[in-house]
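Let me begin by presenting the structure, written as structure tokens, before commenting on it.
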Amino acid sequence: MNSNSPPASIDDLCQRARALAGQSIATLAQRQNITVPTDLRQHKGWQGQLIEMSLGASAGSKPLPDFPKLGIELKTIPINQQHKPCETTFVASIPLLTINQETWQTSLVRKKLARVLWVPIEGDRAIPLAQRKIGMPLLWEMDAAFETVLQRDWEELTEMICLGQLEKITARLGTYLHVRPKAANAKSLCWGIGQTGEKILTLPRGFYLRTMFTRELLAQYYA
DNA sequence: GCATGATCATTT
DNA sequence: AAATGATCATGC
């Protein structure tokens, strides 16, 4: 599914990424010999995988960064007509029963967000998918200012999960990071910790980045 | 079920 | 219009 070789270096990756800017989804799909779906309703991950292939990322569901050798995570980010992110960004699933063993320093969230190649893509549903264009990618490293806020969010939300306050957690909590369901449907359940410390069946949850976070991030570099 | 990739659809 | 809560596809 991927005949593209992985980038040999960060410079190599950056060059490849920059070369995508201005290209359309149709163009990239043709190069990979794949068909563009009418829309993303039943193909929600398709666009991300197209970019992975186009940049030589290791495809598949391995729990590794997209570019293992470089330690870089790839994230596409849908942007509106004002070039602002119009969706949240999924970061990681939450191991509800064992996250008490984690700290911010050891957390998957911190690992995944340490270095990210953000690839903006037009996401306006009025634009046919095939015609949407790639924006200028940004190789980003978490800085102290962002980390301070992310850490605080992570610690507050993680504490609530550990204390059995799962049912009190809503997506309204958290400045940059928040917690939302991450499931196939409402019947997909997993075990979590309830109010009195008992195990309860609940929806799987994940950490997501608010649009405000990616909006500020992109604005810093493209302002 | 949980990892990968997210967007959809409804509410606010 | 933006945010929240729900959902879709695929592989192991």
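Remember, it's a predicted structure, so these values are computed and weren't measured experimentally. Worth knowing before you read on, the calculation uses all heavy atoms, side chains too, and leaves out hydrogens, waters and symmetry mates. Below, read A as the first sequence line, B as the second, and so on, with proteins coming before strands; counting in each chain starts at 1.
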| Short side-chain N/O contact to B:dT12 OP1/OP2 from A:Arg172, under 4.0 Å | no
| request: Have a look at A:Lys62 and say if it touches a base, only the backbone sugar-phosphate, or nothing, with a 4.0 Å heavy-atom cut-off. | output: sugar-phosphate
| What is the nucleic acid contact for A:Gly45, judged by heavy atoms within less than 4.0 Å: base, sugar-phosphate only, or nothing? | base
| task | Look at all strands and tell whether A:Gln82 reaches a base, only sugar-phosphate, or nothing, counting heavy atoms closer than 4.0 Å. | result | nothing
| said: Does C:dT4 have OP1 or OP2 under 4.0 Å away from a side-chain N or O of A:Arg210? | reply: yes
| query | Going by atom types only, do A:Glu198 and A:Thr196 share a side-chain donor-acceptor pair under 3.5 Å? | reply | yes
| Pairwise 5' ranking along DNA chain C for A:Ala184 and A:Arg215, keeping only the more 5' one | A:Arg215
| task | Using a 4.0 Å heavy-atom cut-off across all strands, classify A:Pro78 as base, sugar-phosphate, or nothing. | result | sugar-phosphate
| task | May I ask you to check whether over 12 heavy atoms, not counting those of A:Glu155, lie within 6.0 Å of atom CD? | result | yes
| message | With a 4.0 Å limit, can you tell me whether A:Thr88 has a side-chain N or O closer than that to the phosphate oxygens OP1/OP2 of C:dT4? | response | no
| query | A:Leu40 CG to C:dA9 C1': how many Å, rounded? | reply | 12 Å
| Contact class for A:Thr211 vs. all strands (heavy atom < 4.0 Å): base, sugar-phosphate, or nothing? | sugar-phosphate
| field | Presence of A:His178 side-chain N/O under 4.0 Å of C:dT4 phosphate oxygens OP1/OP2 | value | yes
| said: Rounded to the nearest 0.5 Å, what separates atom CZ in A:Arg132 from atom CD1 in A:Ile79? | reply: 11.5 Å
| request: Look at the side-chain N and O atoms of A:Gln47 and state whether any lies under 4.0 Å from the OP1 or OP2 oxygen of B:dG5. | output: no
| remark: note: A:Asn185, atom CG; C:dT7, atom P; distance rounded to Å ~ 6 Å
| request: Please state how far atom CD1 in A:Ile25 lies from atom P in B:dA6, giving the value in whole angstrom units. | output: 12 Å
| message | With side-chain contact (heavy atoms from CB on, under 4.5 Å) as the test, pick out the partner of A:Trp118 among A:Thr76, A:Leu74, A:Leu139, A:Thr214. | response | A:Thr214
| request: For A:Leu209 and B:dT7, give me the distance from atom CG to atom P, rounded to whole Å. | output: 13 Å
| Distance in angstrom units between A:Leu74 CG and B:dG5 C1', rounded | 10 Å
| said: Whole angstroms only, please: what is the CZ-P distance between A:Arg125 and B:dT10? | reply: 11 Å
| task | Could you tell me whether A:Glu87 contacts a base, only the sugar-phosphate backbone, or nothing, with contacts defined as non-hydrogen atoms closer than 4.0 Å? | result | base
| task | Would you check, one step at a time, whether the test side chain to side chain contact (heavy atoms under 4.5 Å, CB included) holds for A:Leu138 with A:Val116? | result | CA-CA 8 Å; A:Leu138 167 67; A:Val116 181; over 6 Å; no
| field | Protein-nucleotide distance (A:Phe90, atom CZ; B:dT4, atom P), rounded to Å | value | 6 Å
| Rounded distance (Å) that lies between atom C1' of B:dT7 and atom CG of A:Leu50 | 16 Å
| said: Return the CD to CD1 distance between A:Glu167 and A:Ile169, rounded to the nearest 0.5 Å. | reply: 9.0 Å
| Is A:Glu73 salt-bridged to A:Lys111, cutoff N-O under 4.0 Å? | no
| task | Could you tell me whether A:Asp66 contacts a base, only the sugar-phosphate backbone, or nothing, with contacts defined as non-hydrogen atoms closer than 4.0 Å? | result | sugar-phosphate
| field | Other residues, nucleotides, ligands: >12 heavy atoms within 6.0 Å of A:Glu216 CD | value | yes
| Less than 3.5 Å between a donor and an acceptor, one on the side chain of A:Tyr208 and one on the base of C:dA3, is that the case here? | no
| said: Distance criterion of 3.5 Å, no angle test: do you see the side chain of A:Lys182 paired donor-to-acceptor with the base of C:dG5? | reply: no
| said: With a 3.5 Å distance limit and no angle check, can you tell me whether A:Asp153 reaches the backbone of A:Thr175 through a side-chain donor-acceptor pair? | reply: yes
| Within the structure shown, what part of the strands sits under 4.0 Å from A:Arg41 by heavy-atom distance: base, sugar-phosphate, or nothing? | sugar-phosphate
| request: Would you tell me if any nitrogen or oxygen in the side chain of A:Gln42 comes within less than 4.0 Å of OP1 or OP2 on C:dC8? | output: no
| query | 5'-most contact on DNA chain B: A:Ser188 or A:Ala92, nearest heavy atom basis? | reply | A:Ser188
| field | Closest-nucleotide ordering on DNA chain C, the 5'-leading residue of A:Ile169 and A:Asn80 | value | A:Asn80
| task | Check DNA chain C against residues 100-119 of chain A and give the residues with a non-hydrogen atom under 4.0 Å, in numerical order. | result | none
